[in-house]
Chemist: 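Got a structure here, written out as C-alpha cells. Questions coming.
Each ligand, and each atom within it, is numbered from 1 in the order the structure gives. As the structure is a computational prediction, the values presented were derived from the model and not from experiment. When reading the values below, keep in mind they use all heavy atoms of this one structure, side chains included, and skip hydrogens, waters and symmetry mates.
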Amino acid sequence: MRPIVIAANWKMNTTPADAGDLARTIASRTRVAGVTRVICPPYVSLATVRDALVGEDVAVGAQNVHHEPAGAYTGEVSTAMLAGLATWVILGHSERRAYFGETDALIGKKLDRAVAAGLRPILCVGEVLADREAGREIAVVDAQLRGALDGRDAAALAAAGIVIAYEPVWAIGTGRTASAADAAAMADAIRASLVALGWGSVAEATPVLYGGSVTAANVGDILGQPSVDGALIGGASLKPDEMAAIAASAGITAAARGLAS
Ligand code: PEP
C-alpha cells in the first residue's frame with residue numbers, strides 16, 4: 001500500500017526566527033490519520049524546525065543536497081551535514097534545474113549520495129509549457145527519469161522510500177494547475193517509465209505526488225485520483241489554513257484507501 005504524503009517546500013522563505021512557530025502551527029493543524037507529513041525549510045532553519053517538531057509525527061526534509069561527500073564546494077551542503085537535521089530531501093526541483101543548471105545526470109548522483117546517507121528522496125520531474133503544448137510531456141518526463149535513474153538499483157531506491165513528484169513547470173508558483181486527469185495520466189506514465197527501467201513491481205509501489213499551485217481548493221480533485229499519492233506544496237505550504245485544509249483532504253483519501261486506521 002502506497003502512503004499518502006503531503007510535503008511542504010518552503011523554498012527561500014521564512015527565517016530561523018519565525019520558522020519554528022510556523023512549523024509548530026502547521027504540525028498542530030495537520031494531524032490527520034494515515035497521512036505522512038514532511039516540512040522542508042531552508043537549510044538554516046532545519047535545526048529550529050526539527051526542535052519545534054519534537055513530539056510531532058512530522059518529518060523534516062532538506063530542499064537539496066550536494067552530490068559529493070565533502071570538499072571545496074563553497075556554499076554547498078553535504079549529506080553528512082544533514083545528519084540529525086533532516087530525514088528527507090527534495091532532489092531535482094525545477095527551480096534547481098532552471099536556475100542552478102542541475103542536469104538529470106547530476107540529480108542521479110545526488111540520489112546515490114542521499115540513499116547512501118539514509119535520506120528519503122523526493123525526485124522532482126516535470127515538463128515546461130512548450131513541451132506540454134507540443135504534446136511531448138510524457139516523453140520529457142520519461143527522459144528525466146531515465147537520466148536520473150537508469151542503471152541505479154531500484155531495490156535500493158525503494159528501500160530508501162523514494163517518492164517521485166510530478167511538477168509541471170508551468171504550474172509551479174503560477175496559480176495554474178494540471179487537471180486532476182492530467183496529473184493521474186502522468187502518474188501512470190511515470191510508473192510505466194519505471195517499469196521500462198526494469199523496476200518491476202517496485203514501480204507500482206512507488207508513491208507519485210503532484211506539485212504545482214496546489215491549494216485547499218484544488219487538492220481534493222487531485223488526491224481523488226487513485227494513481228496520485230499526495231502533494232508537494234510550495235506557496236500554500238506557508239499558510240497554516242491552507243495546509244490544514246490540504247491535510248484534511250489528504251486524510252479523506254487516506255481513509256478511502258484504508259490507510260487511516
Ligand atoms: C513547489 O515548490 O514544489 C511547488 C509546487 O510550488 P507551488 O505550490 O507554489 O506551485
Chemist: Does I172 approach ligand 1 within less than 4.0 angstrom via side chain, backbone, both or neither, non-hydrogen atoms only?
Modeler: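 Both the backbone and the side chain of I172 come within reach of ligand 1.
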
Chemist: If we ignore hydrogens and angles and just use 3.5 Å, is the side chain of E167 paired with the main-chain N or O of G126 as donor and acceptor?
Modeler: no

Chemist: Could you walk me through whether E68 and K109 pass salt bridge (charged side-chain N to carboxylate O under 4.0 Å, His left out), step by step?
Modeler: CA-CA 8 Å; E68 291 291 348; K109 290 182 191 173; over 6 Å; no

Chemist: Provide the full list of ring-ring contact (aromatic ring centres under 6.0 Å, His included) pairs with a residue in residues 76-123, sequence neighbours left out, each pair given once.
Modeler: none

Chemist: Check the pair R146 / D104 against salt bridge (charged side-chain N to carboxylate O under 4.0 Å, His left out), numbers first and verdict last.
Modeler: CA-CA 8 Å; R146 280 179 188 284; D104 296 319; over 6 Å; no

Chemist: Let's go through R24 and E56 carefully: what are the C-alpha distance in whole Å and the side-chain angles of both, what is the deciding distance for salt bridge (charged side-chain N to carboxylate O under 4.0 Å, His left out) to 0.1 Å, and is it a yes or a no?
Modeler: CA-CA 9 Å; R24 216 175 290 111; E56 290 282 356; over 6 Å; no

Chemist: Considering the heavy atoms of G212, write down every atom of ligand 1 situated less than 4.0 Å from one of them.
Modeler: 5 (C), 10 (O)

Chemist: Taking 4.0 angstrom as the limit and counting only heavy atoms of A171, give me the atoms of ligand 1 inside it, by number and element.
Modeler: 10 (O)

Chemist: Nearest protein heavy atom to atom 8 (O) of ligand 1, by residue and atom, and its distance?
Modeler: G234 N, 2.8 Å

Chemist: Say whether, by atom type as modelled, one donor and one acceptor occur between the side chain of S249 and the main chain of A245 under 3.5 angstrom.
Modeler: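 Not at all, since once roles are kept as given, no pair shorter than 3.5 Å links the two residues.
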
Chemist: Heavy-atom contacts with G235 under 4.0 Å: which atoms of ligand 1 show up? List them by number with element.
Modeler: 7 (P), 8 (O), 9 (O)

Chemist: Heavy-atom contacts with L232 under 4.0 Å: which atoms of ligand 1 show up? List them by number with element.
Modeler: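 With L232 as reference, the close atoms of ligand 1 come out as 3 (O), 5 (C).
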
Chemist: Among all protein heavy atoms in this structure, tell me which lies nearest to atom 2 (O) of ligand 1, with the distance rounded to 0.1 Å.
Modeler: K11 CE, 2.6 Å

Chemist: Could you tell me which non-hydrogen atom of R132 sits nearest to which non-hydrogen atom of E127, and how far apart they are?
Modeler: NE-OE2, 2.7 Å

Chemist: Can you tell me which residue and heavy atom of the protein come closest to atom 1 (C) of ligand 1, and the distance to 0.1 Å?
Modeler: H93 NE2, 3.2 Å

Chemist: Counting from 1, what ligand 1 atoms have a heavy atom of G173 closer than 4.0 Å?
Modeler: 7 (P), 9 (O), 10 (O)

Chemist: Which pairs pass ring-ring contact (aromatic ring centres under 6.0 Å, His included) with one or both residues in residues 169-215, sequence neighbours excluded?
Modeler: none

Chemist: Nearest to atom 3 (O) of ligand 1, what protein heavy atom do you find, and at what distance?
Modeler: E167 OE2, 2.7 Å

Chemist: For S213, is at least one N or O under 3.5 Å away from an N or O on ligand 1?
Modeler: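 Between S213 and ligand 1 (N or O atoms, distance only) the closest approach is under 3.5 Å.
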
